[in-house]
Asks: 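Take a look at the following structure, please.
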2 protein chains.
Amino acid sequence: MGKRKENSTNLHNEKAIVGRCDLTYAVCMIGGRWKLLILCKLENGKLRFSELRDKINGITERMLTLQLRELEKEGLVKRTVYAEVPPRVDYELTKIATELLPIWGQLSNWGAKHRKFMKNQL
Amino acid sequence: MGKRKENSTNLHNEKAIVGRCDLTYAVCMIGGRWKLLILCKLENGKLRFSELRDKINGITERMLTLQLRELEKEGLVKRTVYAEVPPRVDYELTKIATELLPIWGQLSNWGAKHRKFMKNQL
DNA sequence: TATGGTACTAACAAATTTGTAAGTTATGGG
DNA sequence: CCCATAACTTACAAATTTGTTAGTACCATA
């Protein structure tokens, strides 16, 4: 997002953990505040910047841009720019990102179950 | 971890997202720097505080405490205190946490695959 | 010539998470 | 009485993420 400081313990720890653990690596990849939401919106096909912005309640253009840029770097979304005026850009999931979908389904089910479970604890 | 500020846009956004999306809810739950590592160490049974600390390279006692406390609140680990001196405390996964294990397996595989894929991009 | 729409970027501020360093508690053994 | 030990706390500082506000470029159209 902003650039990170080289030589911080923080960065060092993160690298050490992510470097060893594929699970943490995978989870870090989708760890930003809005990333999962963005990816979910793209499940059914391409969307342009403004469509994403309008579908995601509360996100600012800055945040949308930042998270899309990261997702792009990570190879999870593909960005296509059309040479038009006014500009048009669209985003879609990459192949490897779509392979996450079934896993998300399961995680999501688990989440729903956990949520109910916690409610009953009150 | 530290208490969060009521009425911040930040908190508000998080609540709104997590409130609606089971997937984000599930991912947030394991989102701290050290949480997955801790949970993984507990896969094979109970461990005491000092054992966790020693098995997790680079973690400080403060961080270990914080993350364990959250995991406990979230119902993912169970904490047991023995009335001894010096104190003894151990931690174990709860039932609902163990239901995540197969999903982690898949995510982890995906992570490994993605990592290879990215290497080949260079 | 002024306007409008789209997809951004820049500068700054606030909130949140993570790390550092130094205590604290209680008690059994010497 | 003093010390060691395990499992924490506390106060503070640094790093990182998120949010706010105000711009930018482009050119077809009015």
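Just so it is clear: chains get the letters A, B, ... in the order the sequence lines come, proteins before strands, and each one is counted from 1.
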Asks: Of the candidate nucleotides C:dC8, D:dA15, C:dT27, which contains the atom at the shortest distance from the side chain of B:V85?
Replies: C:dT27

Asks: Please give the angle, rounded to 10 degrees, between the axes at the start and the end of the helix from C:dT1-D:dA30 to C:dG30-D:dC1, where five pairs define each axis.
Replies: 30°

Asks: Between D:dT9, C:dC8, D:dT18, which nucleotide gets closest to the side-chain atoms of A:Q67?
Replies: D:dT18

Asks: Between atom CD in B:E84 and atom P in D:dC8, what is the gap in whole Å?
Replies: 13 Å

Asks: Rounded to whole Å, how long is the line connecting atom NZ of A:K15 with atom C1' of C:dG19?
Replies: 17 Å

Asks: Using a 6.0 Å cut-off, check whether atom CZ of B:R79 has over 12 heavy atoms from anything other than its own residue.
Replies: yes

Asks: Does a side-chain N or O from A:S50 land closer than 4.0 Å to OP1 or OP2 of C:dA7, or not?
Replies: yes

Asks: Name the closest nucleotide to the B:R48 side chain, picking from D:dA6, C:dT16, C:dA7.
Replies: D:dA6

Asks: Grouping I, L, V, M, F, W and Y whenever their side-chain heavy atoms are under 4.5 Å apart, do A:V85 and A:V89 come out in a common cluster?
Replies: no

Asks: Tell me the interatomic distance from A:I59, atom CD1, to C:dA7, atom C1', rounded to whole angstroms.
Replies: 14 Å

Asks: Do any pairs count as a salt bridge (Lys or Arg N to Asp or Glu O under 4.0 Å) and have a residue in residues 110-122 of chain A, sequence neighbours left out, and if so which ones?
Replies: A:K113-B:E99, A:R115-B:D22

Asks: Just by modelled atom types, is the A:N10 backbone N or O under 3.5 Å from a matching donor or acceptor in the B:R33 side chain?
Replies: yes

Asks: Could you run down the sub-3.5 Å N/O contacts of the protein with nucleotides 19-23 of chain D?
Replies:
from	atom 1	to	atom 2	distance (Å)
D:dG19	OP1	B:N13	ND2	2.4
D:dG19	OP2	A:W34	NE1	3.1
D:dG19	N7	A:R62	NE	3.3
D:dG19	O6	A:R62	NE	2.9
D:dG19	O6	A:R62	NH2	2.9
D:dT20	OP1	B:T9	OG1	2.9
D:dT20	O4	A:R62	NE	3.3

Asks: Mind calculating the distance between OH (B:Y82) and P (C:dG28) to the nearest angstrom?
Replies: 19 Å

Asks: How do B:L66 and A:R69 order along DNA chain C: which one's closest nucleotide is nearer the 5' end?
Replies: A:R69

Asks: Answer with yes or no whether the hydrophobic clustering places A:V18 together with A:L11; edges join I, L, V, M, F, W, Y residues whose side-chain heavy atoms lie under 4.5 Å apart.
Replies: no

Asks: Can you check the B:K5 NZ to C:dA13 C1' distance for me, whole Å?
Replies: 11 Å

Asks: Write down the distance between CG (A:L64) and C1' (D:dT17), rounded to a whole number of angstrom.
Replies: 16 Å

Asks: Taking only the side-chain heavy atoms of A:P86 (C-beta and beyond), determine which of C:dA7, C:dT16, C:dT6 contains the nearest atom.
Replies: C:dT6

Asks: Can you tell me if A:R4 touches the phosphate of D:dT16, counting only side-chain N or O atoms and a distance under 4.0 Å to OP1 or OP2?
Replies: yes

Asks: Is the phosphate of D:dT18 approached by B:S8 (side-chain N or O, under 4.0 Å from OP1 or OP2)?
Replies: no

Asks: Tell me whether A:H114 contacts the main-chain N or O of B:E74 through its side chain, where contact means a donor paired with an acceptor under 3.5 Å.
Replies: yes

Asks: Whether B:Y91 contacts D:dC8 is assessed here as follows: a side-chain N or O lying under 4.0 Å from the phosphate OP1 or OP2. Is that the case?
Replies: yes

Asks: Does one hydrophobic cluster hold both A:L52 and A:V81, with members joined at side-chain heavy-atom distances below 4.5 Å?
Replies: yes

Asks: What integer distance in Å separates A:R53:CZ from C:dT9:P?
Replies: 14 Å

Asks: I'd like to know whether A:Y91 forms a side-chain contact (heavy atoms from CB on, under 4.5 Å) with A:I38, so could you lay out the CA-CA distance, the side-chain angles of the two residues, the decisive distance to 0.1 Å, and finally the verdict.
Replies: CA-CA 10 Å; A:Y91 296 90; A:I38 295 171; over 6 Å; no

Asks: Is there a chain of hydrophobic side chains (I, L, V, M, F, W, Y, each step under 4.5 Å between heavy atoms) that links B:L93 to A:F117?
Replies: yes

Asks: Any side-chain to backbone donor/acceptor pair from A:W110 onto B:I96? Under 3.5 Å, distance only.
Replies: yes

Asks: What's the CZ-C1' distance between A:F49 and C:dT9, to the nearest Å?
Replies: 11 Å

